[in-house]
Structures are given as structure tokens and as C-alpha cells.
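Since we're looking at a predicted model, the values are computed, not measured.
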Amino acid sequence: MITPVLLCGGSGTRLWPLSRKSYPKQFVALLGDVTLFQASAQRLSGPQFTAPMVLTNADFRFIVGEQLDDIGITPGAVLIEPSGRNTAPAVLAAALWQARQDPEALMLVAPSDHVVPDPEAFRQAVAAGVGPAQAGQLVTFGIRPSHAETGYGYLELDGAPGDLAPHPIGLKRFVEKPDAEAAAAMLAEGTYLWNAGIFLFKASTMLDAFRAHAPQLLAPVAAAVDKATPDLGFYRLDPEAWGAAEDISIDYAVMEKAHNLTVIPFAAGWSDLGGWDAVWRETGPDARGVATSGHATAIDCDNTLLRSEDTGLEVVGIGLDNIITVAMSDAVLVAHVSRAQDVKQAVAALKAKGRKQAESFPKDHRPWGWFESLVIGERFQVKRIHVHPGAALSLQSHHHRSEHWIVVEGTARVTVDAEVKLVTENQSVYIPLGAVHRMENPGKVPMVLIEVQTGSYLGEDDIIRYEDIYARG
């Protein structure tokens, strides 16, 4: 049995505006009906896998639980990273956690934002790596290059990989992301594969590798694991100990220094969706190289991606060539395909201007559901609030605003000071300034209401919580 370890932190800036710090690409249904995170969990499930271990941050913990529940997968340990420290501390924490139960257990570490069109072929590649991993090898997976990509690292093999059927091959070295000329040379050489950042190993093997090559990480990460505290089914790694760990990738810390390395080639299709050009390729362009979403129309265009992520917003391109356009309700990206890797510059520019679109998603996801602002004025705001079945907002009050709630779907149980009542569709309730209040969804279907706030200050920080089932501050 193999324990999958899904890494799902990160900010996903290269797929802005659809992917943002508050809701990065792994939680978005970029291709198809499930999110990248859900597809990753499904790919690493089956008779050869245990329940997945997940490493994420506090902001995403409830999204992880909700999305796994939606596809019928119950996770094993969900470890909450107090801060981003890159992949080496995350992998070490997972290995330490697993070693408590079984140090000889096999672990498969994988990012949760990759696309693999043929999951069964990938599981066969994983099976090909089991023998070497059990023998003490650190197994990595190399992807057949389809073009001279400069956005990926490479693996130089000991020899030609042959027909690229999944089988163990020796690894000579890791190669950093190359420039265009070097990438073309490696593609022509035929002994290089893309580095997918996916690793299979025994917990004990990885711990030995850290002792040999990155011993400075052992004490702080071990302390963070030892002092982890349970929190509503999750485990929070100790913030102080975790913060003392070096911010470093697993490649730099261990893999580039280790000698017990094996590569399994994989040729059945893979992408890390590292830019909108990759999304364009994976979407399946037509004969003219055009890919569109349901709310986009291309007229006489070539080699172009047009997407609208808002059902009320139609995007039309006329006579475009090599253009990426992604439209959302609060931001629009227009870029040349050759500049796809530079989208993160847009995020940096917006952050410098203090624009919330740089990091915040139009829908603000919370443990109980989500809300979005529909209209914002100087002294009023209109929101749509979606509450999951059985979920409840905190018991709270506000210093600076009053609220009107109109239920448009489902039924709400509303508390206002000492009064508790049910509010059904087409009914409303008024929450005076300072009143202690809460909304709950007691039903089996989602509850949706329109909230109208009025007052001198409408920020999300104008809140006093008295009770909260999600243990927020």
C-alpha cells in the first residue's frame, strides 16, 4: 500500500486572474467538472493506495475537506502548515508523520495542481517504481518532453530511455529550468525528461536522505510535528518550530545531492498548467489553434485562448493571433501567448497599486460556504451569501453596520439577540447595529440569501465573534 501525499499550498500567480492567493488553481475546475485537487486525489486512489495525506495552509483547510467530501474521498492526516516554507520541510513533515505508524511505508508525494489525462497509465508508472522504492531508492518520475519548454526543470538520464515504457532508469543529474537554446539542445539529445516533482520512497529512506543532505531541517520540522495540535480533524504544525525551518525546495535540499535515485519515464501525457499557454494546449485547440470557453466567441482568430469565467460576461475576439484573454467579473487578462510566463508581473503590478484583485478572489470562500459582493457604495454593500447544508456562521455582532437579509433559496435559521426563528424563501429579517446574531442552514439543500449592509464602515474586520464551530479567532 502506498500513502499519497498531496501538496496544496502555493499562490498560483501564473494563472491569474482565475488563480489567486486566496483561491489558487488547484481548487479551480480549469479543465472539466472537477478541480485539479480533486482529480489528483482521484488519480491517487484505488486498491494500491491508502487514504491521502494532505499538506495545506489554514486558509485552505476547509476547502480541502469540502472538495474531498464532494468526490467521496476521506483523507488521512491533514497537516496545516503555519507558513509557506517550500517543499522540503513539507516532505520531511509528511515522512516524519508517516514514520510514526510505519517507517517502511511507501509514500508518493505529488503536487495537487497537475493534469494527467490518463490516470490508469500513471498508476501503472507508480507500480513500476514500487520495487526500486522498496529497495531504498528515491524514485522520481520523468515526463517525455513534447517541446523545448523553459518553464520546467529537467532530468538527465544515464542513457536513452528507449520506448519510454515505465521502467527504472538511472538518473545522472537534475537540471534547472533552461533557456530556450539549452532546452532545444536537451530535446534533441533525447536523454532528458521533464522533472514532474513527483517522488516515491519509503519514509525511512527519505528520513535518511535528510539526515545525510539537509540535517539542518530535522530539528525544527521534527519539533513542529511533535508539537502539532489537533484542530477540528486537522493537525496544526507548531508555528514557532515551523518558522525556524529553512525555506527550500526538496530538489535543492535532497534530490540534487542524493545518489540513490531512480527515474520512471512517463509518456502518457502530463502538464503542471504552469501558464495560460499550457491551459490553451490542454483545452484542445481546434484546427486553427483556437480554444474557447462557453461564454467566449472567436471570429477569424488563430492560436488564441478566449475564456470568460462569468456567465453574465461574453468575450468576443476578432482577428486575434497568439493572444490569451481571460475575463472574470472583476479583472481581465490580455496577453501574447509568448508572454504567458510573465503573468505574475501583472500580479506584482496590481499589488504595488494596492488592488485587491492581485490576491483576492471575487468569491470569498469560508468554512460554511462563500459570499460575493454584488454592489459596493460609500455607505452600503450588497452581497450574495451561499451557506452549505448543515453549516452555520459564527454568533457575532458589528460596531458600525446593520444588515438586512432576504432569503432567496432554502431556509435559514436566524438568531437575533434572544430570538431564534426560521426564515424561508421570499422572507426577510433585519439585524440592527450591535445585535448579536447568527445565520444557519438547517436544511438538506444550500441556502442563499441577499445581504444589504448599511453603515459607516463595512470592512470584514468589523466583527466580534462569541461562538464559532470552526474555531476562528
Side-chain angles (χ1 to χ4, degrees), residues 1-12 21-28 34-46 49-102 105-114 198-199 203 206 221-239 241-243 245 250 365-370 388 390-391 468-473:
M1 299 289 288
I2 301 169
T3 297
V5 179
L6 294 172
L7 307 178
C8 55
S11 56
K21 183 179 180 180
S22 68
Y23 203 73
K25 66 176 181 176
Q26 62 264 29
F27 300 122
V28 178
V34 299
T35 69
L36 300 179
F37 171 67
Q38 289 173 319
S40 297
Q42 290 173 331
R43 185 164 60 249
L44 303 183
S45 62
F49 295 104
T50 69
M53 184 187 305
V54 181
L55 280 94
T56 189
N57 64 43
D59 292 338
F60 303 150
R61 57 184 178 145
F62 293 106
I63 299 173
V64 163
E66 177 187 330
Q67 292 201 354
L68 289 177
D69 185 64
D70 285 346
I71 58 173
I73 292 179
T74 301
V78 178
L79 305 184
I80 307 301
E81 300 177 70
S83 58
R85 310 307 292 164
N86 216 316
T87 53
V91 172
L92 177 55
L96 287 165
W97 191 275
Q98 183 64 44
R100 290 174 163 183
Q101 286 77 44
D102 180 7
L106 290 175
M107 307 176 69
L108 180 71
V109 171
S112 61
D113 56 359
H114 291 181
I198 304 171
F199 304 103
M206 183 56 73
V221 176
V225 170
D226 290 341
K227 297 177 183 178
T229 55
D231 180 3
L232 299 176
F234 310 101
Y235 295 92
R236 289 182 178 271
L237 299 173
D238 181 74
W242 186 257
I250 186 66
H365 290 262
R366 298 297 172 92
W368 43 261
W370 53 264
H388 298 316
D468 183 25
I469 63 174
Y470 305 109
R472 294 169 293 175

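- Here the side chains of Phe49 and Leu108 are in contact, with some heavy-atom distance below 4.5 Å.
- Distance alone, capped at 3.5 Å, is enough to place a donor-acceptor pair between the Trp242 side chain and the Ser83 backbone.
- Within a 6.0 Å sphere centred on OH of Tyr235, other residues, nucleotides and ligands contribute 12 heavy atoms or fewer.
- At a threshold of 4.5 Å between non-hydrogen side-chain atoms, the residues Met206 and Ile250 count as touching.
- Closest non-hydrogen pair, Asp59 versus Asn57, comes out as N-OD1, 3.0 Å.
- Side-chain N or O atoms of Thr56 include none that pairs as donor or acceptor with a backbone N or O of Gly9 at under 3.5 Å.
- Atoms CD and CD1, from Gln38 and Ile71 in turn, are 5.0 Å apart once rounded to the nearest 0.5 Å.
- Taken to the nearest 0.5 Å, the CG atom of Leu44 stands 13.0 Å off from the CE atom of Met53.
- The minimum heavy-atom distance between Gln67 and Phe37, with the atom names listed, is OE1-CD2, 3.7 Å.
- In this structure, Pro367 and His388 approach most closely via the heavy-atom pair O-CD2, 4.2 Å.
- Gln26 contributes a side-chain N or O that, together with a main-chain N or O of Cys8, makes up a donor-acceptor pair within less than 3.5 Å.
- Of the inter-residue distances, the one linking Asn86 atom CG with Glu81 atom CD reads 9.5 Å to the nearest 0.5 angstrom.
- Taken from OG in Ser40 to CG in Asp113, the straight-line distance is 7.0 Å, to the nearest 0.5 Å.
- Contact between Pro4 and Ala51 at its shortest, heavy atoms only, is CD-O, 4.1 Å.
- Each of Trp368, Tyr470, Phe27 was checked for a ring pair (Phe, Tyr, Trp, His ring centres under 6.0 Å) with Phe62, and the lone residue meeting it is Tyr470.
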(request) With side-chain contact (heavy atoms from CB on, under 4.5 Å) as the test, would you mind laying out the steps for Leu79 and Trp97 before giving the verdict? (result) CA-CA 9 Å; Leu79 305 184; Trp97 191 275; 3.7 Å; yes
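- Summarising the geometry, atom CG belonging to Leu55 is positioned 7.0 Å from atom CG belonging to Leu237; distances are rounded to the nearest 0.5 Å.
- Screening Val54, Leu6, Leu232 against Val78 for a side chain to side chain contact (heavy atoms under 4.5 Å, CB included) leaves a single residue, Val54.
- No donor-acceptor contact under 3.5 angstrom links the side chains of His365 and Glu66, judged on distance only.
- The line from CG of Asp226 to CG of Asp238 is 9.5 Å long, rounded to the nearest 0.5 Å.
- Between Gln42 and Val34, the shortest heavy-atom contact is OE1-CG2, 4.2 Å.
- Counting all heavy atoms, side chain and backbone alike, Gln98 lies closest to Ala105 at NE2-CB, 3.5 Å.
- Proximity of Val225 to Arg100: side-chain heavy atoms (C-beta onward) are separated by under 4.5 Å at one or more points.
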